[in-house]
Amino acid sequence: GVTETRELKPNGHEIAVTNANKKEYVKLISQMKMTGSIRSQIKAFLDGFYDIIPKHLISIFSDTELELLISGLPTIDIEDLKANTEYHKFSLTSLQIQWFWRALRSFSQAERANFLQFVTGTSKV
């Protein structure tokens, strides 16, 4: 392999990482690793996407709203979710866990989707 140096910001090679700037460093390195390294693929995807749906029409939606428009409201199977849940410092028989599952069963499908969006970052399982 070839070692390559990429600056995260202008003249970044001259800046030492310290306690004062470590949050900015982590933010910049995360952005580079998660999006910067695949920038050309993201651009190609977006160019094609915007050919189908113009950017000015889609930009009014949040990412959650767009996911809902594209995929629809999911049907969330509480029993499947319960069967595939790992517990730490609790068990299925813990009173708090029983309350949790009872509350989740009382949610509408939209509320369940919102719950999944909150805990996993997506409204689908």
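Just so it is clear, the values below take in all heavy atoms, side chains as well, and ignore hydrogens, waters and symmetry mates. Predicted model only: the values in this text are computed from it and were never measured.
For Asn21 (side chain) and Ala16 (main-chain N/O), a donor-acceptor pair under 3.5 Å exists by modelled atom type. Panel note: side chain Asp77, backbone Asp80; a donor-acceptor pair is recorded below 3.5 Å. Thr18 places a side-chain N or O within donor-acceptor distance of the main-chain N or O of Ala20, the cut-off being under 3.5 Å. The closest donor-acceptor contact from the side chain of Ser94 to the backbone of Ile97 lies at 3.5 Å or more, if one exists at all. Remark: side-chain polar atoms of Glu65 are paired, donor with acceptor, to backbone N or O of Ser62 under 3.5 angstrom. Within the 3.5 Å criterion, the main-chain N or O of Thr93 finds a donor-acceptor partner in the side chain of Gln98. Looking only at distances, a side-chain donor or acceptor of Ser106 sits under 3.5 Å from a matching main-chain atom of Ala103.
Classification of Glu4 and Arg6 as a salt-bridged pair holds, one side-chain N sitting under 4.0 Å from a carboxylate O. Checked for salt-bridge contact, Arg105 and Glu79 meet the test: a charged N lies under 4.0 Å from a carboxylate O.
Under the 4.5 Å side-chain criterion, counting only non-hydrogen atoms from C-beta, Lys82 is in contact with Leu92. In this structure the side chain of Leu81 reaches within 4.5 angstrom of the side chain of Trp101, judged on heavy atoms. Inter-residue side-chain proximity for Lys9 and Ile15 is flagged as met; some heavy-atom pair is nearer than 4.5 Å. In this structure, Gln31 and Leu28 have side chains that are in contact, with non-hydrogen atoms separated by less than 4.5 Å.
Atom OH of Tyr87 sits in a crowded spot, with more than 12 heavy atoms from other residues, nucleotides or ligands closer than 6.0 Å. Applying the 6.0 Å contact sphere to CZ of Phe115 captures more than 12 heavy atoms from other residues, nucleotides or ligands.
Atoms CD1 and CE, on Ile42 and Met34 in that order, are 9.5 Å from each other to the nearest 0.5 Å. Phe107 CZ to Asn114 CG: the interatomic distance, rounded to the nearest 0.5 Å, is 9.5 Å. Annotation: the span from Asp47 atom CG to Lys55 atom NZ amounts to 10.0 Å, rounded to 0.5 Å. Atom OG1 of residue Thr5 and atom NE2 of residue His13 lie 10.0 Å apart, to the nearest 0.5 angstrom. Atom CG in Leu57 sits 13.0 Å away from atom CD1 in Ile52 (nearest 0.5 Å).
Across Leu66 and Phe61, no two heavy atoms sit closer than the pair N-CB, 4.2 Å. In this structure, His56 and Ser59 approach most closely via the heavy-atom pair O-OG, 3.5 Å. Here the shortest heavy-atom pairing between Leu8 and Met32 reads CD2-CB, 3.9 Å.
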Side chain to side chain contact (heavy atoms under 4.5 Å, CB included) assessment of Arg112 paired with Ile78 = CA-CA 9 Å; Arg112 292 175 184 181; Ile78 298 296; 3.5 Å; yes
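With hydrophobic clusters built from ILVMFWY side chains whose heavy atoms lie under 4.5 angstrom apart, Trp99 does not share a cluster with Phe118. Both Phe45 and Ile58 are part of a single hydrophobic cluster, where members link through side-chain heavy atoms under 4.5 Å apart.
Separation of the Phe90 and Phe100 ring centroids does not fall under the 6.0 Å cut-off.
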